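Scroll down for the structure; my scribbles are underneath it.
None of the values given here were measured: they were computed from a predicted structure.
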Amino acid sequence: MTDTSLVQGEFAPADTSFAADVSVQSSPLDAVMASAIEADAAVTAEPNGFVELGLAPELVQAVADLGYTQPTGVQLKAIPLAMGSGNDSTKFIDLMVSSQTGSGKTAAFLLPVLHTLVRQQAEQQANERAEYERLCAEAAARGEAAPKRARRKDPTNPRHFKAAVPGALILCPTRELAQQVAHDAIDLVRHCKGLRVANVVGGMPYQLQIAKLQNANLVVATPGRLLDLQRSMQIKLDQVQFLVVDEADRMLDLGFSDDLAEINQLTAQRKQTMMFSATFAPRIQQLAMRVMHDNGSAVQKVTIDSPQEKHANIKQVLFWADNAQHKRKMLDHWLRDASIDQAIVFASTQMECDGLANDLQQDGFSAVALHGALSQGLRNRRLMALRNGQVQILVATDVAARGIDVPTITHVFNFGLPMKAEDYTHRIGRTGRAGRDGLAVTFAEFRDRRKIFDIEGYSRQPFKAEVIPGMEPTQRFPQGRPEGNGRGREGRENHSRDRRFGRGEGRPAFGDRAARGPRMSDGQGAPRGFGDRPGFGGDRAGFGGGRRDNEGYGRKGGFGEGARGGFGRPEAAAPRGDWGGGRGKPAFNKQAGGAKPFVPHDARKRTPHSAR
């Protein structure tokens with residue numbers, strides 16, 4: 001009613017009495033609005049956390065345009081360390097940062113690197129300006145005209161081509177992650193004049209990437225394409241000052257170890273090395289020290305919310321399935337939940353990914369597949385469709401476990417379990433990002449119990465198994481991760497150390513021949529050796545022994561039976577030297593005095609040379 005009165009008062013100023021009444025009646029509302037304005041002013045008066053970190057004004061403005069005014073925990077700790085130690089901003093230290101997914105690690109290494117590049121660029125421009133002013137003063141003192149400024153050459157002209165010399169390099173294990181990091185870097189340099197960002201990934205045209213590399217200050221790349229361009233002299237890495245390895249646990253894995261070692265040698269003159277990831281296994285940490293300066297003697301480790309700490313914004317549930325069809329029915333039930341905005345369904349293999357995406361499309365879902373066998377252009381289009389809301393469900397392999405940052409992803413489904421337990425952490429990190437809530441649903445069969453136990457052991461968080469009414473599994477599934485030696489509850493209670501080594505009740509110890517009774521004999525009390533035991537035929541001696549009922553295995557005649565001796569001949573086993581010595585054919589010309597001397601086959605063909 002008051003709003004209506006206000007509108008009428010604005011559009012009917014002729015009636016002064018009514019306007020006066022409105023002004024009198026609206027005074028409480030004005031007081032409320034004034035108090036709200038004061039509260040907003042108090043809120044806006046809160047100091048910007050990025051300003052207190054000492055970042056460049058251009059970067060602070062870009063971060064504010066993105067809607068962020070306060071840094072996260074990992075940014076508060078990592079940015080000051082990455083910008084320089086103490087008051088000496090020219091001395092940098094190596095960093096190894098571990099933090100949960102969605103905690104802002106990308107901005108934690110982009111902001112300090114861009115800040116340093118912006119400051120160095122400003123210093124260079126100031127030096128060039130001072131130099132030009134000095135030349136102008138000298139020309140004026142000589143009575144000459146001021147020198148002309150150097151004209152900027154067109155980098156797209158082939159005559160002006162010059163290999164790119166970036167000052168910072170960011171390495172990513174997947175193309176999608178590299179594109180995501182480059183996109184974030186471009187958003188942060190929107191107010192920085194003259195600072196260029198280039199993205200170099202495989203599957204894209206070379207000429208397009210070479211053109212974008214011109215005058216690039218920051219390069220975000222995958223290792224393979226970067227080394228290809230470096231070997232063809234399209235980019236030089238001898239002036240790289242900052243090397244950042246994103247998702248370092250995957251980069252230091254066997255698939256990228258050789259490429260990373262080569263890049264480490266090409267950028268040996270760098271000032272700083274930073275590694276960021278949500279998971280750092282002990283083996284990966286040892287490999288990371290080899291990339292750091294002085295083998296990591298001065299590296300600074302920052303850990304925020306380790307993988308063993310439960311993610312507060314992600315609810316994790318587990319559903320046991322009898323078979324693949326049962327698992328497929330439960331996935332179909334979950335995907336029809338109205339609370340799903342967008343979701344990612346992870347598959348184990350590329351074939352499973354394509355098949356599941358086709359099945360979902362036939363069932364009426366808006367789903368597409370994403371895996372490494374697709375062309376880069378198709379992968380880019382499908383990711384763009386997901387970000388634009390044109391696709392609701394993305395069926396992907398672990399190629400999408402890192403680098404997919406879509407705020408509207410509310411659910412993550414593990415239809416196929418990951419090969420490594422740490423990949424589970426990156427998978428579920430595609431939801432619940434930047435303080436939002438998410439749900440991670442895992443489907444597992446009985447054969448997947450070992451992977452489930454590995455995930456629980458790595459994260460130190462037990463799964464909460466649930467059932468869907470009407471889709472309960474018929475099998476009995478394990479209730480928790482086995483402890484001790486993995487024998488289950490009965491094994492832990494009944495298997496002592498002696499029993500594990502063969503000293504239990506009624507069981508001889510390992511190597512205890514006396515406890516096993518007398519050795520096997522040949523029927524006359526004499527012990528038999530290993531090669532004298534009965535063969536497949538029963539009472540025969542070895543493979544060439546006598547056959548039961550004068551026949552071979554399966555009551556068939558032996559090879560060459562009748563005409564010559566051999567396997568399954570009716571006679572008793574002949575000596576080894578008389579192999580094949582039947583009635584109508586002599587043996588292998590065995591020497592009478594002993595065994596036949598061994599002569600290599602190739603030695604028979606060579607002619608003897610006289611000794612010199």
Validation row: L266, Q230 side chains within 4.5 angstrom (heavy atoms): yes
Please determine whether a side-chain nitrogen of the Lys or Arg among D405 and R430 lies less than 4.0 Å from a carboxylate oxygen of the Asp or Glu. no
Applying side-chain hydrogen bond (donor to acceptor under 3.5 Å, both in side chains) to D184 and T106, what does each step give before you reach the verdict? CA-CA 8 Å; D184 294 341; T106 303; 4.6 Å; no
Kindly say whether the aromatic ring centers of F92 and F242 come within a distance under 6.0 Å. yes
What do the steps show when you test D341 against T408 for side-chain hydrogen bond (donor to acceptor under 3.5 Å, both in side chains), and what is the final call? CA-CA 6 Å; D341 190 353; T408 53; 4.7 Å; no
Counting distance only, does the side-chain N/O of E456 pair as donor-acceptor with the main-chain N or O of Q461 below 3.5 Å? no
Any donor-acceptor N/O pair, H411 side chain to A343 backbone, under 3.5 Å: no
Can you check whether E262 reaches L227 side chain to side chain, under 4.5 Å on heavy atoms? yes
For N380 and Q376, run side-chain hydrogen bond (donor to acceptor under 3.5 Å, both in side chains): C-alpha distance rounded to whole Å, both residues' side-chain angles, the deciding distance at 0.1 Å, then the answer. CA-CA 6 Å; N380 293 342; Q376 188 58 39; 2.8 Å; yes
Please say whether more than 12 non-hydrogen atoms of neighbouring residues, nucleotides or ligands are located less than 6.0 Å from CZ in R134. yes
Does a sphere of radius 6.0 Å around NZ in K327 hold more than 12 heavy atoms from other residues, nucleotides or ligands, not counting ones at 6.0 Å or beyond? yes
Non-hydrogen side-chain atoms of M96 and Q285 separated by less than 4.5 Å: yes
Does atom CE of M289 have more than 12 heavy-atom neighbours from other groups under 6.0 Å away? yes
Is it possible for you to check whether R250 lies under 6.0 Å from the centre of the six-membered ring of F256, through NZ or CZ, and within 45° of that ring's axis? no
Could you tell me the separation between the CD1 atom of I79 and the CG atom of L53, rounded to the nearest 0.5 Å? 5.0 Å
Are any of the side-chain heavy atoms of Q316 and I428 separated by less than 4.5 Å? yes
By salt bridge (Lys or Arg N to Asp or Glu O under 4.0 Å), R427 pairs with (sequence neighbours left out) D398
Can you sort out the partners of Q125 under side-chain contact (heavy atoms from CB on, under 4.5 Å), two or more places apart, ordered by chain and number? Q121, R129
Is any side-chain heavy atom of L171 closer than 4.5 Å to one of L226? yes
side-chain contact (heavy atoms from CB on, under 4.5 Å) for V291 and V245? Distances and angles first, verdict last. CA-CA 10 Å; V291 185; V245 183; 5.5 Å; no
Any side-chain heavy-atom pair of V201 and Q209 under 4.5 Å: yes
Which residues satisfy the side-chain contact (heavy atoms from CB on, under 4.5 Å) test with A139, sequence neighbours excluded? R142, E144, P147
Count the heavy atoms belonging to other residues, nucleotides or ligands that lie under 6.0 Å from NE2 of H293, then report whether that count exceeds 12. yes
Answer with yes or no after comparing the ring centroid distance for F463 and Y424 against a 6.0 Å cut-off, counting only values under it. yes
Could you go through the side-chain contact (heavy atoms from CB on, under 4.5 Å) check for I263 and L169 one step at a time? CA-CA 10 Å; I263 295 174; L169 177 62; 4.1 Å; yes
Does the T72 side chain pair with the main chain of S103, one donor and one acceptor, at a distance under 3.5 Å? yes
Short question: side chain of E352, backbone of S348 - any donor-acceptor pair under 3.5 Å? yes
I'd like to check L417 versus F443 (side-chain heavy atoms, cut-off strictly below 4.5 Å). Are they in contact? no
Side-chain touch F346/F415, heavy atoms, less than 4.5 angstrom: no
Kindly say whether P173 contributes a backbone atom to a donor-acceptor pair with the side chain of R402 at under 3.5 angstrom? no
Give a yes or no on whether the backbone of S339 and the side-chain of D337 come within a donor-acceptor separation of less than 3.5 Å. yes
Start with the C-alpha gap between Q180 and R387, add the side-chain angles, then the distance that decides, and say whether side-chain hydrogen bond (donor to acceptor under 3.5 Å, both in side chains) holds. CA-CA 11 Å; Q180 178 69 41; R387 290 191 172 98; 2.6 Å; yes
Results of side-chain contact (heavy atoms from CB on, under 4.5 Å) for T431 - residues two or more places apart only: I314, I409, V412
Please check if atom CZ in R190 has more than 12 non-hydrogen atoms from other residues, nucleotides or ligands closer than 6.0 Å. yes
Go through the structure and list residues passing side chain to side chain donor-acceptor pair (under 3.5 Å) with N264, not counting sequence neighbours. R270
Approximate separation, where rounding is to 0.5 Å, of E422 CD and S277 OG: 9.0 Å
Taking only residues two or more places apart in sequence, or in another chain, which ones meet A373 in a side-chain contact (heavy atoms from CB on, under 4.5 Å)? Q350, H371
Should we say atom NZ of K212 is surrounded by more than 12 heavy atoms from elsewhere, each under 6.0 Å from it? no
